[in-house]
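Structure first, commentary second.
If you're wondering where the values come from, they're calculated on a predicted model, not measured in any experiment.
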Amino acid sequence: MDKKWLKDLQQKRWLGATLPTFTMDWSQLFSALIEQYLFICLYRALAESLASENASRLASMQASEKNIEEQLGQLHAQFQQERQTAITEEMLEIVSGFEALIRAG
């Protein structure tokens, strides 16, 4: 246990009107308190670990989402470019066909 925490706790003024008392054996009480303290420390460590894991997963998902959006933007731009190229080629074919008909006629 953290000795500084215990000293700080010892220096604090009790807020209640009467000091707490206990009727059970001091060693059993102390053992139960230490057991609960260790349980809380372990529980807190597990909760923080889980929160850290979830934060890491969230960050990974956000990065993946951003990457997908960037790739979609690139694919959309590529599609527009290829579409424009196909339209331009078709128009050139129509114009060249028209010019060929005019020259032949």
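Contact annotation: the side chain of Leu6 never approaches that of Gln10 to less than 4.5 Å [non-hydrogen atoms, C-beta and beyond]. A heavy-atom distance below 4.5 Å is found between the side chains of Leu29 and Leu33.
With rounding to the nearest 0.5 angstrom, the CG atom of Leu58 is 8.5 Å from the CG atom of Asn54. A distance of 10.5 Å separates OG of Ser31 from CD of Gln36, quoted to the nearest 0.5 Å. One finds the CZ atom of Phe39 at 7.5 Å from the CG atom of Leu42 (value rounded to the nearest 0.5 Å).
Atom CE of Met24 is surrounded by more than 12 heavy atoms from other residues, nucleotides or ligands within 6.0 Å.
Residues Phe30 and Leu9 fall within the same hydrophobic cluster, defined by Ile, Leu, Val, Met, Phe, Trp and Tyr side chains chained together at heavy-atom separations under 4.5 Å. Cluster membership for Ile34 and Phe22, using ILVMFWY side-chain heavy atoms within less than 4.5 angstrom, is shared.
Remark: Trp5 pairs with Tyr37 by the ring-ring contact (aromatic ring centres under 6.0 Å, His included) rule, at least two apart or across chains.
Under a 4.0 Å N-O distance rule, the pair Asp8/Lys4 qualifies as a salt bridge.
Side-chain contacts under 4.5 Å among hydrophobic residues (ILVMFWY), followed directly or transitively, place Trp14 together with Leu19.
For Ser96 (side chain) and Leu92 (main-chain N/O), a donor-acceptor pair under 3.5 Å exists by modelled atom type. Under the 3.5 Å distance criterion, the side-chain polar atoms of Thr88 are matched with a main-chain donor or acceptor of Gln84.
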Show me the donor-acceptor pairs, under 3.5 Å and distance only, between side chains in residues 60-83 and residues at least two apart or in other chains.
residue: Ser64; atom: OG; partner: Ser60; partner atom: O; Å: 3.0
residue: Gln78; atom: NE2; partner: Glu82; partner atom: OE2; Å: 3.2

